[in-house]
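Right, one structure below, let's go through it.
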Amino acid sequence: MTLAPDAVGRPPQPRPAIPALIDEATVESIAGETWIALVGEDEVLVPIPGDLPEDTLSAWVDVVGPWTGSVVLTTGRQTAADLTRALLGEAAPELLDHEDVADAFGEIANVVGGNVKAAIPGPSTLGLPEVGPAPAVRNPADVCRIEVCWRGQPLVVSVQGALPSLPVPNTQHDNPHQNGASQ
Amino acid sequence: MTLTTTSFDWVRQLVHRESAIVLAPGKEYLVEARLLPIARSMGLPDVGQLVDSVRTRPSPESTRKIVEALTTNETSWFRDGDPFTALTSTVLPSLLSARGPAERLQIWSAACSSGQEPYTIAMLLEDAMPTASTRVAITATDLSREMVERTRAGRFSQLEVNRGLPAAMLVRHFTRAGTEWQVSPSLRRMVTVSECNLAAPLPRMGPFDVVYLRNVLIYFDLPTKQAILRRVRALMRPDGWLFLGAAETTLGVDDSWERVVIGRSSAYRPLKGN
Amino acid sequence: MRALVIDDSRAMRRIVSAALEGFGYETRQAGHGQEALDVLQEGYAPDLCTIDWNMPVMDGLQFVSAVRANPAWRALTLMMVTSESEQGQIVRALAAGAHEYVIKPFTADALRDKLALLGMLPEEAVL
């Protein structure tokens, strides 16, 4: 429906970077709705930045489609544990193990990621949640990042491309350093 | 924290009286979070002052805003689905056979809030009859300008479309627009939206074949209820149908209506000779 | 009434189960589509399945197709509960035979509304 037949054979279009597809306010509203529905109706995300502690944990899902990248949630390990307790409620065990946290934090990433995916041009596929140290940012221009606080603790949501930046386009006048004397 | 215990208790009592919902102690935070936008919209700095202001000068409008902010997260689409089932099963067939083929049916959603009710009616009609857009006109009104604008825009959040809107209707009548869902142009064309205060003399509208006036009367005292029902009846066709909220009735308020049971729902029809 | 809650996240299975139990359901859980099929084949006969989309081993859409391919499970009500929310995905799931579709994040009220639409609220059956 969206793929014109003559698209095949044309030179590849420049890949869209995420700031052209989604803005911070949208990511913030997706995360905010996720928290209120999933964590609890009083659990507001406050849009103020804070310094992440040294010991952080990230949960993310990959999106593969017209835009390819990851939706990454990063917070302090203790905050991730608190989130897990909030999700598990009375069913939370006395001692949380890593699997409990990976499961709950990963599911939050899945919900935020699914909604980010649906808000950008598709169709795309969504990967299963992963948990660990955050994936590296490949291209600083292909990132949409918000910083919020939950119960006073900082949390970052980063929608980041998985692909390195494209080689410098061959339109020379875009880059005076490449061929300074010509024109 | 600006909310004193006295203010919080007043809000709790109000919400309990109007909705039978109990706000547990410790929900001060929720009251603050939900009422702050209302305070700001009235030019007040905090929720404490909002409560003081409404306590000294009570008005159904502010009362309703407060109660709604604390009791409804999102309005459901087929909230108490029975009045909608009654529309397609009984009311619509009877009206279509009573009216000429060129006559347009007029339906009024009298407290449309963010638009779920008028668009629910429009979807049901479009699914029930292919000629709906030319045979039916829906008027949607609300007291609040903000609600009127939201209804006119016909855009709903993910959480809103999750509330009781059948998935098949969602994909048939809406298109995704970013994080929101946009109602189809054909439905929007069926619905005309305007501001209207039911507690004051009504503008020239109608005459209506069907009126949905749900969960509005509960906020008013008896004389105002009577006045509203009288004004609404003056805008209805003699063989029209009125739907009230599940907890509302004309019985003991205004005896110029006849209650008709339709399935699990009730409608009210103007009594002849009144 | 009985429900089989299918989701690869334990936390989400717990949230969905707790909501359903609040409405009067008895629940069982499965971590992916194949595990759910095994539970059905063992003879567990739920009235309702809530189904996540993205799961390891067998995803929700494959599960829906497998259930629809077996006439013995015709009476089973299938409700997707997933963060997949592209319009095309919802259409695919309905076309494969899902009855309803709840988008994550959802509230317990949203689940209740959808079950009410399907006539699947046990309390109503009692009334």
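Chain letters run A, B, ... following the sequence lines, proteins first and then strands; every chain starts at 1.
Looking at L88(A), the atoms closer than 4.5 Å to chain C (heavy atoms on both sides) sit in the backbone and in the side chain alike.
Ranked by non-hydrogen atom pairs under 4.5 Å with chain A, the options A108(C), P56(C), G88(C), A110(C) are led by P56(C).
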Are there any donor-acceptor pairs closer than 3.5 angstrom between chain C and chain A, and if so, which ones?
from	atom 1	to	atom 2	distance (Å)
S9(C)	OG	D103(A)	OD2	3.2
R10(C)	N	D103(A)	OD1	2.8
R10(C)	N	D103(A)	OD2	3.1
R10(C)	NH1	D100(A)	OD1	2.9
R10(C)	NH2	D100(A)	OD1	3.4
A11(C)	N	D103(A)	OD2	2.7
R14(C)	NE	L87(A)	O	3.3
R14(C)	NE	L88(A)	O	2.7
R14(C)	NH1	L88(A)	O	3.2
R14(C)	NH2	L87(A)	O	2.3
R14(C)	NH2	L88(A)	O	3.3
S83(C)	OG	N110(A)	O	3.1
S83(C)	OG	N110(A)	OD1	3.1
E84(C)	OE1	K117(A)	NZ	2.8
E86(C)	OE2	K117(A)	NZ	2.7
E86(C)	OE2	S124(A)	N	3.3
K104(C)	O	N115(A)	ND2	2.9
K104(C)	NZ	E107(A)	OE2	2.8

